[in-house]
Amino acid sequence: PAALAKPQRFRFPKDFRWGCATAAYQIEGGVNEDGRGKSIWDVFSHTPGKVANGDTGDVACDSYHRYEEDIALLKNLGVSCYRFSVAWPRIFPDGKGKPNQKGVDYYNRLVDGLLAAGIEPYATMFHWDLPAAIKGGWQNRDAALQFADYAGYMAGQLSDRVKKFMTVNEMRTFIDVGYRAGVHAPGLKLPPDQLNQARHHAVLAHGLGAQAMRAAARKGTQIGLAENLDTQVPVIETAEHIEAARRATRIENAMYLTAVMEGKYIDEYLEIEGANAPKPQAGDMEAIGTPLDFVAINVYQPQWARADDSKYGYAKVPHNPNAPHMASPWLYVGPEVAYWAVRYASELWKPKKIYIAENGASADDPVTDGKVYDAERVMFLRNYLKNFQRAVNEGYPLKGYFLWSLMDNFEWADGYTKRFGVHHVDFETLKRTPKLSAVWYKEVIRRNTIV
Ligand code: PNW
């Protein structure tokens, strides 16, 4: 038993990458600075009743002005990399047209600051802040074409220093929560045929974006995307359930990651959707299936699945609403999802490299004598990391991990009521304070071992 307690058994490979993640609208503020245009999240958050407490991203963490302080936080943690997103409306205030140099300059300063601190930048081109000027948003096919122009332009601007890019973040969330559930911007509840077409425009944006970025970027630039794979976790680890949950994962992601990785809409999806299936134009599927250098997965809650004798051989096992979850009611705790997300992505699509682009947890985080002892977040992260490590140990090509998030920030429709940071942010003073989880993460990184 004494030997088992040795932390060495949780050691990661020497070249494993440790990072933190954020997104532009959630941290930057400065929404009217330097010619930035409006995004659909500016419109949505300023519409009464859409965001908790009427919160907006107008100021957020004010990282537009405090990015040097944020780089210092990252440096203190000892991370090797940082994942941020570029705000499209800072670069093309109207979605297209003439680029806004002052917007580009902000990301130049950020990238230069990161590199000076020895931190490798991973830039995401779209994390939900769609220019409000694009009429119809993702229902409009033009959004995909304009995204490609913008993403190609930015890759040209940054790829002398940024070597890792992600096209889009979580198509599943920005379409399904924004256009089906109506909870995120633009707050629509589309019928299935229109919903599937909006989903198509999102995967098309990724594909055309990847092509445009490849064409514009310096040699050696690596391009991928970040998606929250709806990972189906086998209820028990027997061959029958493992097989069923793998098949379920491929089908449940058919409109998103499966389409991207396979360059087609699989038969099961077309059969399930029937007349409501998306209507691609000639060439769309080739673009969508553009080969990638890596795939990045955001990992939060599990979805349990079991084998059954229905047509596709699986059934979902719903969560008991009272089951253990973090402060966000959707964030059920199920550390095994970390292992199965990596394993299934690897088995289904054989990507060259996999990253975890986000993993993290919300908690209430009371401040006690100026300190935050977020033991539950540490517990959550430790257990998920053990499952990522299991995937590494079994030989799946997981190369790095980005913790969501560097600091508390604008949590979309939950405003500032849900905190995901390893640094506490006082939204009155904007002071950042490391939580217990920051102390923990720093130690994990320093020792390359789960502590
Ligand atoms: C991700 N779900 O969103 C986003 O990429 C981040 O911007 C966000 O702050 C973070 O996770 C925490 O929410 C998600 O309902 C939103 O399954 C919803 C879900 C998953 C991820």
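Heavy-atom basis, side chains included; hydrogens, waters and symmetry copies ignored. We count ligands from 1, going down the list as the structure has it; atoms in each ligand are counted the same way.
Counting heavy atoms from C-beta outward, Ile251 and Gln232 have side chains that stay 4.5 Å or more apart.
Ring-plane geometry between Trp412 and Phe410 is classed as perpendicular, the angle between the planes exceeding 60 degrees on a 0 to 90 degree scale with a lower cut at 30.
The pair Asp365-Arg377 meets the salt-bridge criterion, since a charged nitrogen lies less than 4.0 angstrom from a carboxylate oxygen. A salt bridge links Arg199 with Asp176: the closest approach of a Lys/Arg side-chain nitrogen to an acidic carboxylate oxygen falls below 4.0 angstrom.
Closest of all the heavy-atom pairs between Asn140 and Lys135 is ND2-O, 2.9 Å.
Under 4.0 Å from any atom of ligand 1, one finds heavy atoms of residues Gln26, His127, Trp128, Asn169, Glu170, Thr173, Asn228, Asn298, Tyr300, Gln301, Trp330, Glu358, Trp404, Glu411, Trp412, Phe420.
For the residue pair Arg83 / Asn169, a side-chain donor-acceptor distance below 3.5 Å is found, with atom types taken as modelled.
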